[in-house]
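Step one of this worksheet: look at the structure below.
Just so you know, these numbers come straight off a predicted model, no measurement behind them.
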Amino acid sequence: MDKEEILQKSRTENAAGYMDERERGLRLQEDSFALGCGLLLAIILFIVKILRDQPAADLLVLVTGMSAAGFLFRCVKRRRKSDVFWASLCTLLALFYLYRFFAGAA
């Protein structure tokens, strides 16, 4: 394969929706930063709700649900027992807080 064939193959793969290593790295950093900011905002809103004596089950559902989704993804990709444990725990907590949210409990 000469240089032009390799470049053409790379362009074809990138045009088909595949990302190169740099783009994947940037996407990973972007997603990590966005998740961190979302969790920080959830903590701030959680504290405000507690100080105002408001129920915070909705925020707890979001945080535990996001964690459960991450651990479930890890379970599929890595198949480690620790990931199964954390995925199960986060899923149960998310369901519990979802129940509390719909039940109207504080």
Side-chain angles (χ1 to χ4, degrees):
M1 225 186 250
D2 67 348
K3 180 180 174 182
E4 289 302 318
E5 289 177 26
I6 294 171
L7 285 173
Q8 183 59 35
K9 184 177 179 182
S10 176
R11 287 185 193 116
T12 304
E13 287 177 351
N14 289 335
Y18 298 105
M19 294 182 282
D20 63 7
E21 281 296 318
R22 182 174 180 274
E23 289 177 15
R24 274 184 280 208
L26 287 173
R27 175 65 58 95
L28 181 61
Q29 288 177 339
E30 172 191 342
D31 292 346
S32 296
F33 181 75
L35 179 64
C37 289
L39 288 175
L40 181 64
L41 288 171
I43 289 170
I44 292 168
L45 291 173
F46 179 77
I47 292 169
V48 169
K49 283 186 159 221
I50 295 298
L51 292 175
R52 292 183 178 178
D53 291 327
Q54 296 176 345
D58 53 346
L59 293 172
L60 293 171
V61 168
L62 287 173
V63 171
T64 56
M66 287 174 16
S67 297
F71 282 116
L72 287 171
F73 183 83
R74 283 185 188 183
C75 285
V76 171
K77 293 294 182 183
R78 297 191 321 183
R79 300 185 189 276
R80 292 188 181 165
K81 290 182 181 179
S82 63
D83 293 332
V84 173
F85 169 77
W86 289 111
S88 301
L89 179 65
C90 290
T91 301
L92 289 174
L93 284 172
L95 291 173
F96 172 72
Y97 290 127
L98 189 64
Y99 167 76
R100 288 186 60 151
F101 174 75
F102 284 116

First locate atom [atom1] of [X], then atom [atom2] of [Y], and finally report the distance between them rounded to the nearest 0.5 Å.
| X | Y | atom1 | atom2 | value |
| --- | --- | --- | --- | --- |
| Phe33 | Cys37 | CZ | SG | 3.5 Å |
| Leu62 | Leu45 | CG | CG | 10.0 Å |
| Ser32 | Arg27 | OG | CZ | 12.0 Å |
| Leu59 | Phe101 | CG | CZ | 10.0 Å |

So do Val76 and Leu72 actually touch side chain to side chain, heavy atoms under 4.5 Å?
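Answer no - side chains too far apart.
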Is the shortest side-chain heavy-atom distance between Asp83 and Phe73 below 4.5 Å?
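Side chain of Asp83 against side chain of Phe73, heavy atoms only: no contact under 4.5 Å found.
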Hydrophobic clusters here meaning ILVMFWY residues chained together by side-chain heavy-atom distances under 4.5 Å, can you tell me if [X] and [Y] are in one?
| X | Y | value |
| --- | --- | --- |
| Leu93 | Phe102 | yes |
| Phe96 | Leu98 | yes |
| Leu41 | Ile43 | no |

[X] and [Y]: which non-hydrogen atoms are nearest, and at how many Å?
| X | Y | value |
| --- | --- | --- |
| Ile50 | Ala56 | CD1-CB, 4.5 Å |
| Tyr97 | Ala57 | O-CB, 3.7 Å |
| Ala87 | Ala68 | O-CB, 4.4 Å |

Exceeds 12 heavy-atom contacts within 6.0 angstrom, atom CZ of Arg78:
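Yes, enclosed.
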Please list all pairs passing the side chain to side chain donor-acceptor pair (under 3.5 Å) test where one or both residues lie in residues 57-67, with sequence neighbours left out.
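For residues 57-67, and leaving out neighbouring residues, the side chain to side chain donor-acceptor pair (under 3.5 Å) pairs sorted by first residue read Lys49-Asp58.
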Apart from Met66 itself, residues in the same hydrophobic cluster as defined by side-chain heavy atoms under 4.5 Å
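Noted: Met66 shares its cluster with Leu35, Leu39, Val63.
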